[in-house]
Protein chains: 2
Amino acid sequence: MPQGTPHSVPTSADVARLAGVSRATVSYVLNNTSAVRISEPTRRRVHAAAKELGYVPHAAARSLRAGHSRMVLMPTPQIAVGPLFSAFFNELQWALSRFDYTVVQYGSLGLTGEEAARAWAELRPVAVLAPDATALGARGVAVLKRSGAKAVFTLGPQRAEGAHALLMDQRLVGRAAAEHLLARGRRRIGVVVPEEPGLEVFSRPRLDGVRAAVRGVAAGEVTELPLAYTEDSAAHLTDRWSALGLDAVFAYNDDYAMLLTRALQDRGVAVPEDTAVVGADDLMLARLLRPRLSSVRIELPSGRGLAELVDRVVREPGGRPEVHDVLGASVVHRESS
Amino acid sequence: MPQGTPHSVPTSADVARLAGVSRATVSYVLNNTSAVRISEPTRRRVHAAAKELGYVPHAAARSLRAGHSRMVLMPTPQIAVGPLFSAFFNELQWALSRFDYTVVQYGSLGLTGEEAARAWAELRPVAVLAPDATALGARGVAVLKRSGAKAVFTLGPQRAEGAHALLMDQRLVGRAAAEHLLARGRRRIGVVVPEEPGLEVFSRPRLDGVRAAVRGVAAGEVTELPLAYTEDSAAHLTDRWSALGLDAVFAYNDDYAMLLTRALQDRGVAVPEDTAVVGADDLMLARLLRPRLSSVRIELPSGRGLAELVDRVVREPGGRPEVHDVLGASVVHRESS
């Protein structure tokens, strides 16, 4: 540490002193302000002084000066997300950083609506990508906008009034599975509905998608199958399997499909001969199961495209809420159906 | 919106005006300053005015006033974490919020060392919990401390000079698996080393742990098995299986164990008769495989205990770096070994 006491935090005043310039000049140089002309030697002197002192600009001070930050807040979902969404979030985060945004994830920890929005608003993000539109609500959107957020997006299966929607219509996942099963001659379709809290936001529209596809098909029938992610629950469900009279199951996702398939096989139910099974997410485990698991592959948009959209709305705020359908779904047919 | 133009952001001055008090009083009330006595009716008036206007305090302004924030920064790991670590991170986040910290996750996006630390330092966190000590390094720790961070912790298998360490010694995972296999009479132990980048930080110490346990055991032998998480790679590895002469495998984790077990079974290698297999993480899938998979269960400390530790170091900074061993490992014995 070249100057000062070991515990003093270097300030822009220290940088100004060492470089022999004003604090304003330090600020112009380090914030890359284009409105003010500063000679190349002066720029170099400021950067050298900042480096020598170990000076780091203060994002908070910068955001106070600018009136807003370059922070994009992505509240972390309350439920664990699978590898597909992890990869999507990482790509989006990377793409936003290419547009010079700082992406910050922030857990709402059980807060909902206005309360959560107020906690997020304290960070003064310029944009928010919220994973749960229902929890946020119109009032939460209003709180964020009043705090200066120029772009509020929801990212998921539902919409919130006043926010732009990156709509992930989960009904398409159920519809794809059901259309595949119907095309393979199956008619009495069970649909796994996980009992774990927080998953309804995905499982309900998936069930609705199956119902919509089966509606009007002769002899078509849909049966809801509540299932917790435990062996006990799977054993309980399959105890009365023949009484259910199902010839196919859409198992919510690949994890539940593996749980259910194992319980069926342990009871001597042949998959797919007696009951066809389709999962979703197209995980590696779908390929490793025997029979190999048919699965709905979910397609998400490129992070780059979404980052461009966010940046456009930040630069031109005030437009009407936009709705973008961003989810695609298609069945990868293997041996279980 | 009761007052102002639709796009104006309410300020503490607006709150002061509506409540008929000074800005200082608004600040004292909303920040719960205990040093200044303010009457209950005044407090109520300020809170009512803030609510009516939709005023949200600015975390950045507050941290500038205080000289530091209540922000704990947890840089997100570069690699996808499993459900075990997700649950641990969520619990820790929740526990820290009980101590009135705001937990923010922030992707370093490929930056390492000083560069990453500078990006994090811009947010002026009061504490940092960094998942990758090697990438951060002593210089990164110094950058964070100079920016005012009172507590810098690393959280993972390695240490960084100057930082407190929540040490997750992955050698214990390998050692537990190897001791279990040795006790079952196995001697020629293969160890899966994933080829996916970023996992070396876990896979190398796990391998070292196996080597340490086998060292000195008569006829004991350890063979490194590079494996990518693809069916092709598993097929390639098991093509020459009998030539390897292994009677056991520690498969890095349950996912790789499932991949390898399936490839072995497809080639007629009997598990556990010909080759015993042990995974790690004790996921649900371990119980669902046939034979049921033996797996190393990893125990992580309670979020509450860690949050207390972080809070103590923030309140009493300046002590020598502390090292806390926070990982436990024990084998859950099932049918595959």
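All chains are named by letter (A, B, ...) in the order of the sequence lines, taking the proteins before the strands, and each is independently numbered beginning at 1.
- Within the model, atoms CG of B:Leu285 and CG of A:Asp254 stand 12.0 Å from one another, a figure rounded to the nearest 0.5 Å.
- Of the listed residues (B:Thr230, B:Asp255, B:Leu289, B:Asp266), the one with the most heavy-atom contacts under 4.5 Å to chain A is B:Asp266.
- Between chain A and the options B:Arg118, B:Met258, B:Met74, the largest number of non-hydrogen pairs under 4.5 Å is found for B:Met258.
- Proximity to chain A is absent for every atom of B:Leu73, based on heavy atoms less than 4.5 angstrom apart.
- Residues B:Tyr106 and A:Val103 share a closest heavy-atom pair of CD1-O, 3.0 Å.
- Between chain B and the options A:Arg262, A:Glu231, A:Glu114, the largest number of non-hydrogen pairs under 4.5 Å is found for A:Arg262.
- The part of B:Met71 that comes within reach of chain A is its side chain, from C-beta onward, which places non-hydrogen atoms under 4.5 angstrom from that chain.
- Within 6.0 Å of atom CD in A:Glu161, 12 or fewer heavy atoms from other residues, nucleotides or ligands are found, so the atom counts as exposed in its surroundings.
- Of the atoms belonging to A:Val143, it is side-chain heavy atoms, and not backbone ones, that fall under 4.5 Å from chain B.
- Partners of B:Asp282 by salt bridge (Lys or Arg N to Asp or Glu O under 4.0 Å), not counting sequence neighbours, listed by chain and number: B:Arg297, B:Arg334.
- The number of heavy-atom neighbours closer than 6.0 Å to CZ of A:Arg287, taken from other residues, nucleotides and ligands shown, is above 12.
- Note that CG of B:Leu259 and CE of A:Met284 are 5.5 Å apart. Values are rounded to the nearest 0.5 Å.
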